[in-house]
Amino acid sequence: MLAESLALSAALFAIGVVGVLTRRNAMIVFMCVELMLNAVNLSFVALSRLYGATGQVFVIFVMTVAAAEAAVGLAIVIAIFRHKQTVDLQNINLLRG
Amino acid sequence: MNSFLDSIGYNHWILPVLLLLPMAGALVIAALGMSAGKNADSKTPELRRIVLGIFTLEAVLSLGMWWSINVGSADWQASFAVPWIPAWGIQFSLGVDGIAMMLILLTTLLMPLAVLGGWTSIREKVHSYYALLMVLTTGMLGVFMALDLMLFFVMWELMLVPMYLIIGVWGGQRRLYASLKFFLYTMTGSMLMLVGIIYLGTQAADLAGHPSFAYDQILHNAQLSPVAQLWLFGAFALAFAVKVPMFPFHTWLPDAHVEAPTAGSVILAAIMLKMGTFGFLRYALPLFPSAAMDPTVRTLILTLAVVGIVYGALVALVQPDFKKLVAYSSVSHLGFVMLGIFSLTPQSVQGALMVNLSHGVSTGALFLMIGMIYERRHTRLIADYGGIAKVMPVFATLLTVVCLSSIGVPGTNGFIGEFLVLIGSFRSQPMYSVIAATAVIFAAAYLLWALQRIIYNPLTKPENERLQDLNWREIGLLIPLIAAIVWMGVYPAPVLEKTSAAANRLVTHVQQAGNMAGAGMMGEEIK
Amino acid sequence: MMNAQIPETGHPLADTVARFVWLLPLLPLLGFVVNGALALSAAAKIGPDDPSAGQDHHNAHDHAAGHDDHGHGHDDHHPARHKYAGIVSLVGPGVLLAAFGLAVAMFLAMRGVKMEEPFVLQLFRWMPVGDLKINAAFQLDQLSMVMVLIITGVGTLIHIFSVGYMQDDPGYPRYFAYLNLFVFFMLLLVLGANYPLMFVGWEGVGLCSYLLIGFWFSEEANANAGKKAFIVNRIGDFGFLVAMFLLFANVGTLDYAGMAEAAQKLPMGGTVITAICLFFFVGCTGKSAQIPLYVWLPDAMAGPTPVSALIHAATMVTAGVYLIARSSILFSMAPVASLTVALVGGLTALFAATIGLKQWDIKKVLAYSTVSQLGYMFVGVGVGAYTAGVFHLMTHAFFKALLFLGSGSVIFAMHRAYHATHNHDDAQDMRNMGGLKKFMPVTWALMWIATLAIAGIPPFAGFFSKDEILGTVFARANAGPLSTATLLGVPGHVVLLIVYVIGLASALLTAIYMTRMMIYTFHGPNRTGDAERAHLAEAPWIMTGPLVVLGVLSAFGGWLNLPELLPIGPIGTLEHWLEPVVGVATARMAGSGEHVAANTEWVLIGVAVAIAVIGMSVAFARLKPAALVQKSASPASEGFAKVLEHKYYVDELYDDAIVQPVKGISTTVLWKGVDAGIIDGLFVNGSAAVTRAMGWMGSQLQSGQVGTYAWVLVIGVLALLGAFTSSR
Amino acid sequence: MTFDLTIPSQLLAALTPDLILMAGATLLMVLTALRPEGSASQRGIGKLALVVLVATAVAVVAMIMAGNNVGPGVIAVDRFRWTADLIFIGAAIGTVLLSMEYGDKEHIPQAEVHVLVLFATAGMMTLAAARDLMIVFLGIEIMSIAVYVLAGLNRRSAKAAEGALKYFLLGAFATGFLLYGIALTYGATGSTNLSVIGKVIVDHQLQSQSMLLIGVGLLLVGFGFKVAAVPFHMWAPDVYEGAPTPTTAFMASAVKAAAFAVFLRIWLEAFPQMDRAWILPVWWLAAITMLVGNVVALAQRNIKRLLAYSSVVHSGYLLVAVAAGTRLGSAAFLFYLVAYTIATFGAFAVVTTIGTAGERNQDLSDYEGLWSVRPGLAIAMGVCMLALMGFPLFGGVGFFAKWYLLQAALGSPHNLLPLSVILVLTSVIAAGYYLNVVRVMFMKPRPEGAAEIGPIGPLTQGVLAVTVALIIGLGLFPSQLATWTRGSTPMAPNQTAAQATNK
């Protein structure tokens, strides 16, 4: 059971990574990152069956943090949208070199 | 004299005072400059006098060392030590032997002349210029005085920035290129030495594992395998070879020399080039004797030295720019020093030291004199002159004397050093010595040809007809150099005796230690 | 510094005037200092305090100062004498006279004692380094005494002559300063008690020669000539240096004293001793203008004529002969080296004499004659006739100085004439002379004496010295170590016979070209020009006076060393005198061989005299001075004459084969190629450029695209994880 | 005293400085919300923030004086923590000072900047104290989220928004890896406590267990991102350029220092026995970071980007100290951190003064001839450049930092000689661009029509004066700092400083 859970977690994580790599919309990229975090949460939960509550506590932390991150992230995306009228990452390359 | 010096405790305070006086002077001048604000440059005449005063004081103070330093002793003289970073095994420790003392005297005595040489040529940001000159002096003296490898390295690097700025701010047309080249070249060389020094310090650690960077400690405690010695020698040698400069690491020199203002060229040539050879004598050879005695290493360095001698001379021959010519002649001369050092006979090593000193005096004088005509004509191209002996007889006379000294005509200082190097190296490395001796021909060729094209030949250029001869300041600052040229050529014995003990110790130490290591290696092979 | 300690109190000379030997060089040095200071202070115009500002107000410029030194001796200056002329005329020759007086006093003191060991005066430590202990020390012995007498004696005469010759030159004090300095170094050369000290003098005289050749430096040719002299001499000095190194490395000392015993360590005729001697001889070829380094001497005629007389005829150029005589003990141990010396000397004698045949410049004729006569001297010291070599050195000093000074007074007269008429013709070309006998009878007579002397007509000085050399060559060919040695596979006696024949041939040529010079200069019609002719006149007494003295010496100098065959005076004075110095070496060179039989010797003398007479007769018979025209109207010569006139094109050969290639290689290969191209271009700036380019590429990768950044990050993650898991 | 962390009151006591800071920050946040936006408010809050920071610093110093110790638990109480805290607080004070004047100049009226700095600092202090991966995560996020906002605080600047977005996205992305690493480590060892992890690894011989290896590898990725090590550095130049300069200074100095501090602690406390596994990756990370950072920095014309690459480079240098994996290494690390923080902060402080509003004058050409118009600024910048270059005397403490680093590297049981050689050789390349700044300022004439340099506020002047004085002063007398850092290595629970030094 543990092994399967961990494998699923790894697969989800990989999907998240691939999403980040392939998507161009800032919002979707951020969603993919959230997917990665939740994949890790799955691992924590699975592992806490083995080791006790620490993993579950961690999951709570991660969720809280993810929420905060989402708030900040959305604000930033809005800020960029105000300047660029787009959230396509390919068009956001003022800074380079 | 000696009892008087003893009575004022001269040997106890002289080194730190000599070292820190210019630094303090730099601070004072910087403060003056800041307080003067925008009008700082209008205070130039007063400032020059203050600067000259400080350097003269420094020179006068240092003179006592001639009497007070017991050059025969195997211990460090006038030593001074205070803990600096005890946690890292680093002391602020100073001391000299005969060799270092002569180089310190060369430095302190040349500095006032270098200042006088650039008396009227520096007109902008004068305070900064002189402050940097003083910091530079501290760095140079520190290299000769340091008895702690970290302190040595600090001083070694310390020289770079002032010189970088002196070339880059007050230099000629291509000063940006030249200054950066100078800095990066030298730094590249010395970076590996930094690793080497720290490695040595950890090797010389005491039983409790505390590293030590004290020279004596490293000399006696560091247990280095022959292979480690080779690598370390390489690291140190690269740093020194760039500074010397040895062929093929010399190409920063012509650019730096040409672009630097007069005082910068003088200091570069007369003093800073001596750092490299001093480094070989003080560090690379005694610390890594088995590497220094390694036949391959020796062959390599001797070959490069001899190539440098001939190559420098040949390239000097065809230079259209007088400063560049002298720069390449430095490559040639310093090749003699390297030849002398690595031939490792008492005569050759002392000859090397003598070449060092006389190169300092003669090339210093040459650059000063180039500065003098440059100030009048604003060109360094030989072809722009010709026949100026007619309008500048005093200049022509003095330039002839200085050139002769650089050529190494007997009766001048140049001869003594070259002769000793060659006769000494002939005993151990006859082929190299003979090839190097051909430089006596080339040296005459390039300098006399240049001399002819500058002061002799018909005076055809109308600009040159209006040239003014030297003024009293210029004559006055050259007279000590001319006197040194003649004195060291006619009666060099006192100078030679100052360095003989240290040179002999070095030769015996390196040969013994090198042979022992060689024997040890062989012993291992037999086992 | 000059705290002269009295040496070896046991020495017979210790309590005599000889202990003031240091005063000998010091006197001319003093003269140099005084004259030099006067020269500088007269010429100097101290510049303004701020030189860079000086460019603007050049109106203060004084044109007279601008033409302080003029191009060619005597043409375009105002005849005002130098303001310090009086004191310089006193000091310059004065110090020489004093030195000569002192030398004579020492000579007398030396004659009064019996002296086997040289008198060495230690002055101070010079280069004390380890086992190398070189002191500043003077050695007074019979050989250096002879040299000192020649130098100061002839030197004094030439100084006096110069007072007249240079009287109108604006560089008058400078001239005497250089001349005094030269005498100082020359005395150092002959008095130094070790090789390094001799080397100081050796290079010092070269330096003065350089300064004096280029005395009128505003003409490029003169400056070139001076430079050439110095550099060519330096090539020789290289040999001298290496010889010293070899000597020190193998013998352990550079002092003359004790050299004889120390050298015994080396095997007789071995490689080392041969190499030492050959390298010393390389030095001699430079200083004494032998093949292949003779090329500087003819050019050296660019200097004032008295300089040519003193430096390039009487003293400096003979330093090589002195060196070999001084090192006779070494050379006698190296037969191969000695044979080389003799052969090169002989070849030089012949070679230079052929060139002398076709020169038009009166000083060039004398220059090649000097090279040729120096060759004779080397033949002498080469075959171990050290006394004969020194003897010829001495007689040559007399007659060649006379010839040069005589030519000087001719040129002086020509100059005056040209100057008076504002003519700019060549005052030294014989085609512009002719018939001067009428205008300058004293010079004419004295120069004939010298010509007879150099041609080897008895009883003039040159006859005796030259004959002695040729006689010895003949004798050595028959017996002694030289005859048994081989040089490059050729047996020694063959070599020596060749040398002998060459010697005779050169004697013939000498007689011809000297007579030619006399005929073209003094005989036949005058070609100077009608207007100029009126201004031709004999030089003043201050110039002719020294000529007379030299004339006497040239005529009777031979008496100083008469051969046994001619008992018309004291026999072999010089030979006895030099016996303590060169006796051992001479004996070794002579070997067990017996003297040439008196009859044979008579024959040899007869042949020599006959050849001289034939040569002069041929010259008189063949040359037609009346057919000559002025230089400007003369056609260019053709064929071999042209080759001779151009000195076999040796200068051009050296230039094309050595000078230009060296310059070319230095510029294109070394400087532009290695330095700027490979080291700077490829490595220094190249590595900087490559780094910069990499930096640029790196910054291009930084595209601003978050996607790219994420990709790079993930690649990094994979790489790291790979590294981690591979460590298992 | 020795804190027993199982007792809540003692846990709180061990967190006194952190609590002071957090309380102050929260208070100020409320206050800010209550006051109208504007320059006066901004400055007022700034002053209060300074008070909070100073109070925190006092508390830290008090903790140091007390010489406290700690039992096993989630919090470290050692001088390593306190020293790191002081570095953060110092940088925060500087940032607040710079922001106060920068805000006026750039017309950024938000007083939140100071609050955010306080929160970020609180996160950093948490990191320095963390002895549990959970705390580590918490600290990193507290810090990062605050800094994301700081980076984009200048609402008028498109660049700032872009930088913030990039930082945020990539930061969150990297956090995913870090978190996964934590999860796997937890999975392999069954604990998130550092000392327990270390013990378990030794006890169960887990050195080559795959899950743990991957976990450690992902942790390295996470920290590699935070410290901007190549190839995880690509956000840094863009974000540094886009962010308001005081924030950039804060990021380059304090944020990096915090990430490194916790990185080092984890490596020394949890994974010392895994050195066979991590030495090679860390080695390569250090080498590539030094190489790429230096080389690409050469191509930069924008001064902020140049300094960004410079900070990448210094991460490489600091990784060498991590690679050393010894106490000496961590002492050298702290020393280097002090020197680097000061120098880099000073450099950015100069950048804030140059040019007109809108951060338009950041090209190297805007620094041409600076010496002739503003000698003081030029000298300060020059000193900072030379310090970053590691040059003695003129670069002051920078040289000793490099020296100590090399000493640690060469004294390490791992063979770091090649890495040391790479370090010194790449520092030659570094000289190429650092000196270029010096050259531009000192050796070129001020071009015609160059941007006017406005008056420099007293606070900025003060920051500059202090940085330069510290660089030079510590450069002349580094002994105290050397001794201090030597005694400030991370310590296992129940170990006294005295014991540590003797080891």
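Below, chain A is the first sequence line, B the second, and so on; all start at residue 1. In what follows, every heavy atom counts, from backbone to side chain, and hydrogens, waters and symmetry copies are set aside.
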Item to check | Part of residues 36-46 of chain A lying next to chain D, heavy-atom separation under 4.5 Å | outcome: Met36(A), Leu37(A), Val40(A), Ser43(A), Phe44(A)
Item to check | Residues in residues 9-19 of chain A near chain D [non-hydrogen atoms, under 4.5 Å] | outcome: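 When heavy atoms of chain D are the reference, residues 9-19 of chain A contributes Ser9(A), Ala10(A), Phe13(A), Val17(A) within the under-4.5 Å range.
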Do the side chain of [X] and the main chain of [Y] share a donor and acceptor less than 3.5 angstrom apart?
X	Y	value
Lys304(D)	Ala243(D)	yes
Gln110(D)	Val113(D)	no
Thr126(D)	Ala122(D)	yes

Next on the checklist: Can you tell me which portion of Leu35(A) sits under 4.5 Å from chain D's heavy atoms? Options are side chain, backbone, both or neither.
Outcome noted: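 It is neither, since no heavy atom gets under 4.5 Å.
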Checklist outcome for this item: From the list Leu179(D), Thr192(D), Val239(D), Ile145(D), the residue making the most non-hydrogen contacts under 4.5 Å with chain A is Leu179(D)
Next on the checklist: I'd like to verify something: which residue of Lys159(D), Gln300(D), Arg305(D) has the highest number of heavy-atom pairs under 4.5 Å with chain A?
Outcome noted: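 Counting heavy-atom pairs under 4.5 Å, the top option is Arg305(D).
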Checklist entry - Within a reach of under 6.0 Å around CZ of Arg82(A), are more than 12 heavy atoms found that belong to other residues, nucleotides or ligands? => result no
Next on the checklist: I'd like to verify something: which residue of Ala75(A), Ser48(A), Ala68(A), Gly73(A) has the highest number of heavy-atom pairs under 4.5 Å with chain D?
Outcome noted: Gly73(A)
Checklist entry - Does a donor on one side chain sit under 3.5 Å from an acceptor on the other, for Ser144(D) and Lys226(D)? => result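 Lys226(D) and Ser144(D) do have a side-chain donor-acceptor pair below 3.5 Å.
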Checklist entry - Between the side chains of Asn193(D) and Ser191(D), is a donor N or O closer than 3.5 angstrom to an acceptor N or O? => result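 Short answer, no.
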Anything under 3.5 Å between a donor and an acceptor, one on a side chain of residues 59-67 of chain A, the other on a protein residue two or more places apart or in another chain? List them.
| unit_1 | atom_1 | unit_2 | atom_2 | d |
| --- | --- | --- | --- | --- |
| Thr64(A) | OG1 | Ile60(A) | O | 2.6 |

Checklist entry - Counting a contact as any heavy-atom pair under 4.5 Å apart, which residues of residues 161-171 of chain D contact chain A? => result Ala161(D), Glu162(D), Gly163(D), Ala164(D), Leu165(D), Lys166(D), Phe168(D), Leu169(D)
